[in-house]
Amino acid sequence: MTFILHEVEKSPLILSAEIPDSLRLVIQRIQGYSYAELYEEKNIQGISLEDSLITVFDAIEKEKNNLDISYCYFFMAIVMGIAVQPTIKSYLPREKITKITGNIFEYLFRDWIYYQHNYQPNLNVSFQNYQNTLGQYQALDEAVDVFDNIPQVLESIKTREAILNILDDCFQGYAIFPGSQGRRELFDWWLLDVVPSVFCGRLPKNIHTLKGIDKMTQHITKIRDYFFKVVGNNQSQGNTNLEKQDLLLRFLASDK
């Protein structure tokens, strides 16, 4: 079994020495399956999409220690949050939603770098002012659900469940885009670009959004601004985790 060449050409990191052979072989095998959940009709092997996601997670965790695993999932959650932002902005006032999603990213960065055991599932920043709109549009509801799950990635006992919920909203739901077309392309982007990139502590080169595939460089500037705002506002904190701060900075700058 070999990789689909035109997909690998978009994501050359998968073939680099930085990716362990065991993980590369798992990704290669998973890419070779077809999935009913992605509206593929031919050559369905009887393996579910969720089983394949779990197989990929198991392969990542086999190669990482517990601390590094948490980094991978945290970075993955950031990427998927970036991917669903255009969906939310297409339904709700752009300036208001930018503030809400920005506050959530800032909360994540602050809690990750300056951890104080103060996790609060119900953040003071939320979509509660738009309850009349929520429930009317599947795409909006599932994109908001992605942001509801992102903070839970910080909770070690909830991390995998939160990531699975996020990916379910994106792959089988409409969080990134509606309809059945393009589901396989979306999954391959995650499998061949996102997974190897976050494994190496980097941003994927491309981002898949409501508007299709785009370069990450066009979407990451605001996210970096949230990071520097958090660092600037918390310089006097005595509990800074410098290792995490440096890892996050390198991750957010890795598209350059």
> Indicate yes or no: at least one non-hydrogen side-chain atom of Tyr107 is less than 4.5 angstrom from one of Val230.
no

> Is a side-chain N or O of Glu40 found less than 3.5 angstrom from the main chain of Tyr35, in a donor-acceptor match?
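Indeed, once roles are kept as given, a pair shorter than 3.5 Å links the two residues.
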
> Compare all side-chain heavy atoms of Lys211 with those of Phe177 and state whether any distance is below 4.5 angstrom.
no

> side-chain contact (heavy atoms from CB on, under 4.5 Å) between Arg224 and Lys229: does it pass, once the steps are laid out?
CA-CA 9 Å; Arg224 290 194 190 112; Lys229 181 179 177 181; over 6 Å; no

> Using the ring of Tyr226 (Phe, Tyr or Trp, six-membered ring only), decide whether Arg110 places NZ or CZ under 6.0 Å from its centre and within 45 degrees of its axis.
no

> Does the pair Arg24 and Asp21 meet the rule for a salt bridge (Lys or Arg N to Asp or Glu O under 4.0 Å), with working shown?
CA-CA 5 Å; Arg24 184 182 300 109; Asp21 288 340; 2.6 Å; yes

> What about the rings of Trp112 and Tyr71, do their centers lie closer together than 6.0 Å?
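Yes: the rings meet the under 6.0 Å criterion.
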
> Can you tell if the side chain of Tyr174 reaches within under 4.5 Å of the side chain of Thr87, non-hydrogen atoms only?
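Contact flag for Tyr174/Thr87 side chains = no.
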
> Should Ile176 and Leu210 count as side-chain neighbours, where that means a heavy-atom distance under 4.5 Å?
no

> Are Met76 and Ile213 connected in the hydrophobic side-chain network, where two residues link if heavy atoms are under 4.5 Å apart?
yes

> Backbone N or O of Glu37 within a donor-acceptor pair of the Gln172 side chain at under 3.5 Å?
no

> Between Asp58 and Arg160 (salt bridge meaning N to carboxylate O under 4.0 Å), is one present in this structure?
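Looking at Asp58 and Arg160, the cut-off is met.
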
> Ignoring hydrogens and angles, tell me if any N or O in the side chain of Thr159 forms a donor-acceptor pair with the backbone of Val153 under 3.5 Å.
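Here the side-chain-to-backbone pair exists.
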
> Would you say Phe105 and Ile223 make side-chain contact, with heavy atoms under 4.5 Å?
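Touching, per the 4.5 Å side-chain cut-off.
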
> Assess whether a salt bridge exists between Glu106 and Lys99, defined as any Lys/Arg side-chain N lying under 4.0 Å from an Asp/Glu carboxylate O.
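No.
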
> Between Asn165 and Asp169, does any side-chain donor sit less than 3.5 Å from a side-chain acceptor?
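Looking only at side-chain atoms, Asp169 and Asn165 do not form any donor-acceptor pair under 3.5 Å.
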
> Kindly assign one of parallel, tilted or perpendicular to the pair Phe57 and Tyr73, based on the angle between their ring planes and the thresholds 30° and 60°.
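Answer is perpendicular, since the angle exceeds 60°.
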
> Mind listing the closest non-hydrogen atom pair of Cys170 and Met80 along with its distance?
SG-CE, 3.8 Å

> Has Asp246 got a side-chain atom pairing as donor or acceptor with Leu242's backbone, closer than 3.5 angstrom?
no

> With a 3.5 Å distance limit and no angle check, can you tell me whether Trp189 reaches the backbone of Asn206 through a side-chain donor-acceptor pair?
yes

> Do Val79 and Trp190 come within less than 4.5 Å of each other through their side chains, counting heavy atoms only?
no

> Taking the side chain as every heavy atom from C-beta outward, state whether Tyr114 and Gln245 have any atom pair closer than 4.5 Å.
yes

> Kindly compute the distance separating CG (Asp141) from CD (Gln136), expressed to the nearest 0.5 Å.
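If I round to the nearest 0.5 Å, the distance is 9.0 Å.
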
> So for atom CD, which belongs to Glu61, do other residues, nucleotides or ligands contribute more than 12 heavy atoms lying within a distance under 6.0 Å?
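Atom CD in Glu61 is packed in, count exceeds 12.
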
> I'd like to know if the side chain of Lys64 and the backbone of Phe199 have a donor-acceptor N/O pair within less than 3.5 Å.
yes

> Taking the side chain as every heavy atom from C-beta outward, state whether Leu248 and Leu252 have any atom pair closer than 4.5 Å.
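Yes, their side chains come closer than 4.5 Å.
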
> Please evaluate residues Leu203 and Ser197 with respect to the criterion side-chain contact (heavy atoms from CB on, under 4.5 Å), reporting the C-alpha separation (whole Å), side-chain torsions for both, the decisive distance (0.1 Å), and the verdict.
CA-CA 6 Å; Leu203 284 167; Ser197 296; over 6 Å; no

> Could you check Ile30 against Phe187 for side-chain contact (heavy atoms from CB on, under 4.5 Å), going step by step and ending with a plain yes or no?
CA-CA 10 Å; Ile30 296 303; Phe187 175 71; 3.8 Å; yes

> Restricting to non-hydrogen atoms, name the atom on Arg184 and the atom on Ser34 that form the minimum distance, rounded to 0.1 Å.
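In terms of heavy atoms, the two residues are closest at NH1-CA, 4.0 Å.
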
